Asks: 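Here it is, the structure, as structure tokens.
Because the structure is a prediction, the values reported are computed rather than measured. Whatever order the structure lists them in is the order used to number ligands and atoms, beginning at 1. All values below come from the heavy atoms of this structure, side chains included, with hydrogens, waters and symmetry mates left out.
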Amino acid sequence: MDKAGVKMLGVIGDPISHSLSPVMHQFILSREQLPYQYQAFRIKPAQLAVALCSLKKQNFSGINVTLPHKQAVIPLLDKIATEAKAVGAVNTILFQKHGIIGFNTDVKGFLNALGDWKTNLRGERAVVLGAGGSARAVIYALIQCGIGSITIFNRTLKSAETLVCQLQSCTAFDNFSACRFDEKVLQETIFDSTIIINATSLGLFPNIEQNPLSDQFRFPESMLVFDLIYNPLETSLLRNAKAQGVRIKNGLEMLIYQGVESLKIWTGSDIDVHNYLEELKLILKQGIERDGTTSLSHSG
Ligand code: NDP
């Protein structure tokens with residue numbers, strides 16, 4: 001806490017200069033009239049342990065952790081929440097008098113971004129493209145929704161198989177299949193699925209022409225196509241799906257809701273962004289369009 005009674009929050013990562021987190025968190029804190037200040041810190045991997053101690057000493061209430069520290073930070077923590085343990089990554093840290101606790105808010109961020117669609121997922125089939133950190137959070141969230149089965153397609157089969165093994169061992173769910181990415185196989189099986197989630201970085205700025213699926217790929221009419229990418233706001237994948245009349249969603253609301261969950265952990269307040277969600281989305285969209293020529297990092 002500084003002299004004026006303002007408590008401190010922040011995000012650490014490298015690179016960090018174009019993170020949307022300071023703008024997003026400061027906007028929510030001001031709307032909620034919470035006396036906190038949120039800053040970004042560029043921390044290189046070799047500085048991680050020292051930075052954590054220093055922020056704790058300076059009485060920071062908590063921080064977000066972004067690339068490349070989401071896994072590396074785990075051994076430096078005193079306690080790790082269930083979701084973070086299952087996902088194997090921490091994006092939120094709470095500094096307490098007697099220890100440092102790690103959380104993963106991407107799971108709740110994704111669930112909240114799904115909104116009413118969650119109720120359509122019980123017993124259904126989901127397809128996840130990718131097997132990295134965000135795919136783990138998404139898969140863990142789908143299991144919480146009561147999904148019936150999950151097929152993971154990934155360029156590297158081994159990563160998808162490892163992910164399945166790890167999630168099987170920490171959840172009661174075992175209706176997974178892991179496949180090496182093959183569009184033909186995916187096209188033949190997609191018509192049984194209710195949702196497809198792109199959790200690869202294909203299409204992420206600046207490689208906006210990339211698309212995990214070809215222009216010829218056909219989506220079932222009743223499906224939701226969810227791309228975790230929010231820069232650009234409309235990827236080639238989403239553009240193609242929209243042109244076929246399929247419901248689409250980008251990663252912007254997930255970004256917002258994972259941030260809200262971090263704020264709830266730090267402040268203990270019950271934050272509801274509902275009343276100003278559209279205004280916040282507009283501010284973030286302007287940030288993405290303005291900084292569109294540089295990379296943006298999310299704190300989640
Ligand atoms: P990771 O680096 O952990 O995983 C990347 C995934 O993309 C891997 O499955 C990788 O496959 C695949 N991939 C990368 N390049 C290629 C390629 N050329 N061809 C095929 N597959 C490829 O990243 P994250 O999981 O952290 O992030 C993935 C995406 O999700 C990013 O775009 C990120 O911006 C977004 N994201 C959005 C969030 C939000 O709040 N909206 C939150 C978190 C992430 P392989 O295993 O073969 O390498």
Asks: Side chain, backbone, both or neither: which part of Ser159 has a heavy atom under 4.0 Å from ligand 1?
Replies: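 For Ser159, the contact with ligand 1 is made by the side chain alone.
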Asks: If you take the nearest heavy atom of each of Gly251, Gly132, Ala160, Ala137, which one is closest to atom 4 (O) of ligand 1?
Replies: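 Nearest heavy atom to atom 4 (O) of ligand 1 lies in Gly132.
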Asks: Going by the atom numbers of ligand 1, which of them fall below 4.0 Å from some non-hydrogen atom of Gly133?
Replies: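 In order of numbering, the contacting atoms are 3 (O), 25 (O).
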Asks: Could you check which of Lys158, Gln71, Arg155, Arg136 puts a non-hydrogen atom nearest to atom 13 (N) of ligand 1?
Replies: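 Nearest heavy atom to atom 13 (N) of ligand 1 lies in Arg155.
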Asks: Select one of side chain, backbone, both or neither to describe which atoms of Leu252 lie under 4.0 Å from any atom of ligand 1, heavy atoms only.
Replies: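 For Leu252, there is no contact with ligand 1 at all, from either part.
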Asks: Would you mind reporting whether Leu9 and Leu263 have side-chain heavy atoms less than 4.5 Å apart?
Replies: yes
Asks: Indicate yes or no: does an N/O atom of Thr156 lie under 3.5 Å from an N/O atom of ligand 1?
Replies: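 So ligand 1 has an N or O lying under 3.5 Å from an N or O of Thr156.
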Asks: So, does Ala199 sit close enough to ligand 1 that a heavy atom of it is under 4.0 Å from the ligand?
Replies: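 Flag set, Ala199 near ligand 1.
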Asks: Check step by step if side-chain contact (heavy atoms from CB on, under 4.5 Å) holds for Arg31 and Asn275.
Replies: CA-CA 10 Å; Arg31 281 309 173 95; Asn275 287 335; over 6 Å; no
Asks: Below 4.0 Å, non-hydrogen atoms only: which portion of Leu228 touches ligand 1? Side chain, backbone, both or neither.
Replies: both
Asks: What are the atoms of ligand 1, with element, lying closer than 4.0 Å to any heavy atom of Ile229?
Replies: 32 (O)
Asks: Do the rings of Phe60 and Phe41 sit parallel, tilted or perpendicular, given the 30° and 60° boundaries?
Replies: perpendicular
Asks: Quickly, which of Ile63, Leu20, Ile43, Thr66 forms a side-chain contact (heavy atoms from CB on, under 4.5 Å) with Val11? Name it, please.
Replies: Thr66
Asks: Taking 4.0 angstrom as the limit and counting only heavy atoms of Ser201, give me the atoms of ligand 1 inside it, by number and element.
Replies: 7 (O), 14 (C), 15 (N), 32 (O)
Asks: Please check if atom CZ in Arg218 has more than 12 non-hydrogen atoms from other residues, nucleotides or ligands closer than 6.0 Å.
Replies: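 Yes, enclosed.
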Asks: I need the single residue from Lys56, Gln58, Lys57 that forms a side-chain hydrogen bond (donor to acceptor under 3.5 Å, both in side chains) with Ser54. Which is it?
Replies: Gln58
Asks: Ignoring angles and geometry beyond distance, decide whether Leu202 reaches within less than 3.5 Å of ligand 1 through its nitrogen or oxygen atoms.
Replies: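 Looking only at distances, the answer is no, because the N/O contact criterion of under 3.5 Å is not met.
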Asks: What's the spacing between Gln26 CD and Tyr38 OH if we round to 0.5 Å?
Replies: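 Output value for this atom pair is 10.0 Å.
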Asks: Are Leu213 and Val128 connected into the same hydrophobic cluster when the rule is that any two of I, L, V, M, F, W, Y join if their side-chain heavy atoms are below 4.5 Å apart?
Replies: no
Asks: Lys70 to ligand 1: N or O pair under 3.5 Å?
Replies: no
Asks: I'd like to check whether Ser134 has a polar contact with ligand 1, where a contact means an N/O of the residue lying under 3.5 Å from an N/O of the ligand.
Replies: yes
Asks: For ligand 1, is any non-hydrogen atom under 4.0 Å from Pro212's backbone (N, CA, C, O), its side chain (CB onward), both, or neither?
Replies: neither
Asks: When you measure from atom 6 (C) of ligand 1 to each heavy atom in Asp106, Thr200, Ile152, which option holds the nearest one?
Replies: Thr200
Asks: Record the part of Asn154 in heavy-atom contact with ligand 1 below 4.0 Å; permitted values are side chain, backbone, both and neither.
Replies: side chain
Asks: Parallel, tilted or perpendicular: which one describes the rings of Trp266 and His25, with boundaries at 30° and 60°?
Replies: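 If you compare the ring of Trp266 with that of His25, the planes turn out tilted.
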Asks: Please walk me through it: do Ser214 and Glu183 pass side-chain contact (heavy atoms from CB on, under 4.5 Å)?
Replies: CA-CA 8 Å; Ser214 73; Glu183 182 166 314; 2.5 Å; yes
Asks: Would you mind listing which atoms of ligand 1 come within a distance below 4.0 Å of any non-hydrogen atom of Gly130?
Replies: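 Listed by number with element, the hits are 9 (O).
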Asks: Do Leu255 and Val273 sit in one hydrophobic cluster, given that two such residues count as connected whenever their side-chain heavy atoms are within less than 4.5 Å of each other, even indirectly?
Replies: yes
Asks: Does only the side chain of Tyr230 get under 4.0 Å from ligand 1, or the backbone, or both, or neither? Count heavy atoms.
Replies: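 For Tyr230, the contact with ligand 1 is made by the side chain alone.
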